[in-house]
Amino acid sequence: MDYDDDDDHGNFEDFLLLCVLISMCASCDTVLRGAKEFNAHFRNVNHESPLICGHNGCKRPYEHRTSLLRHLKDDHFKMGDQLRHENIEENSEENSSLESDDENSDGDAGENPNCGGEDEDNNQHEQSHNESSSDAEDELDLKKSAAKMVLDLRQTGGITNAMVNRCQDACYDLLKDVTQSLRTKTLKQQLNYFAREMGLVVPVTIFLGYRTDYRLDPDTNEYVPAQVSMTFEYIPIIETLKLILKNPKLRHLIEIEQASEDGVMRSYLDGSRSKTNPIITRHPRVIRIQLYCDDVETASALGSRTIIHKLLAIYFSIQNLPPEESSQLSSIFLLALAYSEDVKNNPGGYDKILYPFLEDLQKLESPEGVEINIDGEIYTLRATLVLLCADSLAAHDILGFLSPSARHFCRCCLISRPQFHANCRAVGERRTRENFDAHVALVKMRPAASTGCGVSKDCPLHKAAHDSATEDAPFDIFHDILEGVAHVVILLSLRSFIVHKKLLTVEDFNKRVSSFSYGIPDIKNKPSANFTTKRLFSSHFLQKGFQTWCLTRVLGFLIADVPGDDPYLKLINLLQMCMMIIFAPEIRPEDINRLQEMIGEFLGLFQQLFMNPIEILDEEEEAEVDDPVPAGVGSVIHKEASVNPINKLHHMSHLPQMIRDMGPPLRYWCMRYEARHHIFVKYAADMCNFINVPKSMAQMHQLCTLSGVLKNTLRKENVEVHTGEDFQVDECTHSDLLINAGLLPTEVVTDVRAAIVAGEDFRPGLFVVLNKTGPKFGIINTVYHMDGRIYFIVNAWRTEGFEERYCAYKVEPDTAAEQNTVQISDGITNSLLHELEYDIVTLQAFSLLLLLLQIQFNTCYFFSISDHQYSGLPWLLLASHTVQISDGITNSLLHELEYDILASHRRLLSLP
């Protein structure tokens, strides 16, 4: 990709100039330093027109302050001119000392307008540099600091190459003595420096083949066929792992990972597949690689280049990292990038693009491993491939299966589509590595046999030591549940409530969706109120995955006028209960058995309601239904016809066994990878240039990766507090509780409005779980901060019970309970909370990753189940036993939670 060097992106030199501009108001003799003071002065002080310049005797008049500011910039403070402190000597005694320093300098003070003595110090430094090697080391540190600045500019993806060059030029003029040896203008030079000094992993361009394209002939000015080479960018995984392990904090997190000892499944190590992998058995600390593959559209979806510039991106992540770190976008690393059409239209395209990765993987999986040097110590690097994450289409392309629309559509069993249509709960013979290889051999001899087994070719990932196309490619719950099953169930159920039974109207439902109180945790995930009667009969849901997740959790409150014994409401409740376990980061063995039973009941009820509609709709109701428009799979074509179940309903049947094999699905779903695509889309929109897109995108992504690794900060270390009022402990309202928590009476704490710990927002009015047994909830009354420690004053609430009708806990204030102090710290292990046998409860920062609930005591009205009227007993909506909140797509819907959580407290604003 070529970089745009035009001047339409603003002048960074002007920005640096205005930061040091020093002027004087001729009307009141006020010295103004910088454009900010200049604008603030003329905005707050009323001066009559015209405004006189007054700088160094200049008397030119101007009607507006912006004209005066432009005059000062262009005529008195041109970039490169030396700014003399004697210009303001008569206006400030402080500046007289600066002028004295300027006169004693060598006349080059204009290169650094901050003070005249800095050039003298720089000259002394240059002299000592020739005499001392230690000074040379200091200069190298300055060069690295300047290089990090350039790296931060480039990794954003929103600054063009021309803007980076302007920034360098401006910094060069201001700090010439520091940046003279660093001033490398070309991107290639900068990449070489980053690779040599900071460990940047530079993408490698690899040849794929040739394709025919049309190119402009300059002689005839006509487009003629031409042979064009196809390439892709490969980022060597060994070099990337070296860069990651050079970060001591990440290396420590990888080394301390352990399997669960209490029988609860929390990671891949707790599944059966890890126990049968000989590499993991011999080397428990081996790095476990998780691949992800998907297409990303870099051009505008409405433009003419939507297919031409679509990219195929292959990422990888490290399973050994804890969830709060692996869920960050900076922990998703690029492996390969190519034009999607070059790979899919090229025979054996996936084999070619995965070949260099598999070559490196063989070295990492070998008994010797790969020896690397980290901080002077020899480290044996070992890694193995354990999972491939992808949607169904991409997974089938890579693994060698026919498309998901084939007769044998499942990659886990041999069920056929007619069998599935006859019985939603049916499961075929399980696919294994042995019968997969047999099917591949059969297809090679007789290609027509592929339709009878669903296999089209061999899987390139079988070259890995212990990978299986049938057992190591789990179904993705983001695509299957949030963008599949939930869409179908909500649309068909709403059609029954609105069109057939007329319990509410589409307009009423849209009003409830838009006016519902989603609270702080879900305010960015609220669904769109875009439902129409026509859309209820189509397969177009028009809600994003995180919006569907939010809508599914609150749906019981939005359709509160539906009778509790309605079968469609029962179907929704079954889906909610299944999602509670499916999206849980911690799953017990008994939960898996319960999930298997609920999925069977859910699929059976779905078949009864939607695959045999004549049995549940009488003739009068059928006559009232308008003929729907024809739609694809998953929609009703005729009012008498049954609904064809989508493949994702069958995928749910395999989820319990998938959890037993690989652990919680939340650890290997695609939502975080989908968010990583945004960096390519944003960069393409900013650059507006599509020449060799994979190369430019890969370089930019690697700069972003390097910047994230060099920051050397963990997510749990990110603590942000909003402004508040300081109190001495013995003078604040909750002094007894704070003193009991270990604070001294003379220490000072800050009563803050909110505390953001690792991206989680804690503030008064939000709920936390005080005890998983029960469970028991508490509402935050006050948030205190002192020296990086966060203390909550919590009022306990009493749990009345769980209502499946709303998928919610019913709670009320516990007047008999006393306030407790809850502290966020790093000194406690993964136990969520002590059993509250004492008043002070200490939490680890990431053990408290709870989805908090919002209740406003004075203005909130709560919905009562009994009489459909407002009453004083609030209801808390249970999102799931555990849910993940994404921090890349939204701020609060899903995040890696360690324990049972609550979703946002809900309030129904409009009732029938």
Side-chain angles (χ1 to χ4, degrees), residues 33-34 36-37 40 44 324 519-521 523 711-770 777-797 813-815 817-828 832-834 836 838-860 887 891-892 895 904-905:
R33 295 177 176 84
K36 186 175 181 180
E37 289 188 11
N44 299 326
E324 62 271 11
I520 294 175
I523 191 62
K711 288 179 180 177
N712 199 26
T713 57
L714 300 179
R715 183 176 176 85
K716 68 179 182 180
E717 299 173 347
N718 298 330
V719 178
E720 178 184 352
V721 294
H722 292 194
T723 58
E725 187 175 356
D726 294 337
F727 293 96
Q728 193 165 298
V729 171
D730 56 358
E731 296 178 354
C732 66
T733 307
H734 308 96
S735 58
D736 295 339
L737 293 173
L738 294 176
I739 292 174
N740 291 336
L743 276 68
L744 299 178
T746 56
E747 291 183 312
V748 178
V749 295
T750 304
D751 183 355
V752 298
R753 294 185 291 108
I756 302 176
V757 182
E760 293 295 332
D761 197 337
F762 300 89
R763 62 181 66 204
L766 300 184
F767 273 77
V768 293
V769 178
L770 298 180
F777 310 106
I779 188 170
I780 300 177
N781 180 280
T782 311
V783 180
Y784 290 106
H785 171 256
M786 189 191 74
D787 297 335
R789 291 173 293 174
I790 306 296
Y791 297 88
F792 301 147
I793 304 300
V794 179
N795 294 95
W797 281 47
D814 191 352
T815 57
E818 297 181 355
Q819 288 182 331
N820 298 317
T821 304
V822 179
Q823 177 188 354
I824 298 182
S825 66
D826 295 329
I828 303 300
L832 172 64
L833 289 169
H834 296 290
L836 290 184
Y838 43 86
D839 291 337
I840 308 305
V841 182
T842 307
L843 303 172
Q844 183 186 11
F846 284 100
S847 296
L848 190 63
L849 293 178
L850 305 173
L851 189 58
L852 303 179
L853 315 172
Q854 181 186 34
I855 290 184
Q856 301 173 355
F857 290 100
N858 297 328
T859 61
C860 180
D887 58 313
N891 189 28
S892 61
H895 186 68
S904 173
H905 162 72

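Scope of the values below: all heavy atoms of this structure, side chains included, with no hydrogens, waters or symmetry mates.
For Glu747, there are no side-chain hydrogen bond (donor to acceptor under 3.5 Å, both in side chains) partners at least two apart in sequence or on another chain. With sequence neighbours left out, the side-chain hydrogen bond (donor to acceptor under 3.5 Å, both in side chains) criterion links Thr782 to no other residue. For Asp736, there are no side-chain hydrogen bond (donor to acceptor under 3.5 Å, both in side chains) partners, not counting sequence neighbours.
For the pair Val729/Leu744, no side-chain contact is recorded, criterion being any heavy-atom separation below 4.5 Å from C-beta on. Tyr791 is not listed as a side-chain neighbour of His734, based on a closest heavy-atom distance of 4.5 Å or more.
To the nearest 0.5 Å, the span separating CG on Leu743 from CG on Asp730 amounts to 11.0 Å. To the nearest 0.5 angstrom, Asp761 atom CG is 12.5 Å from Ile523 atom CD1. Rounding to the nearest 0.5 angstrom, the gap separating the NE2 atom in His785 from the NE2 atom in His722 is 12.0 Å. Atoms CD and OG1, on Gln728 and Thr746 in that order, are 6.0 Å from each other to the nearest 0.5 Å.
Put simply, the residue from Val783, Leu737, Ile779 that forms a side chain to side chain contact (heavy atoms under 4.5 Å, CB included) with Ile793 is Leu737.
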Please set out all donor-acceptor pairs under 3.5 angstrom arising from side-chain atoms of residues 748-759, sequence neighbours excluded.
unit_1	atom_1	unit_2	atom_2	d
Thr750	OG1	Asp726	OD1	2.6

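The minimum heavy-atom distance linking Pro813 with Trp797 is given by the pair N-CE3, 3.5 Å. The nearest pair of heavy atoms linking Cys732 to Leu738 is SG-CD1, 3.5 Å.
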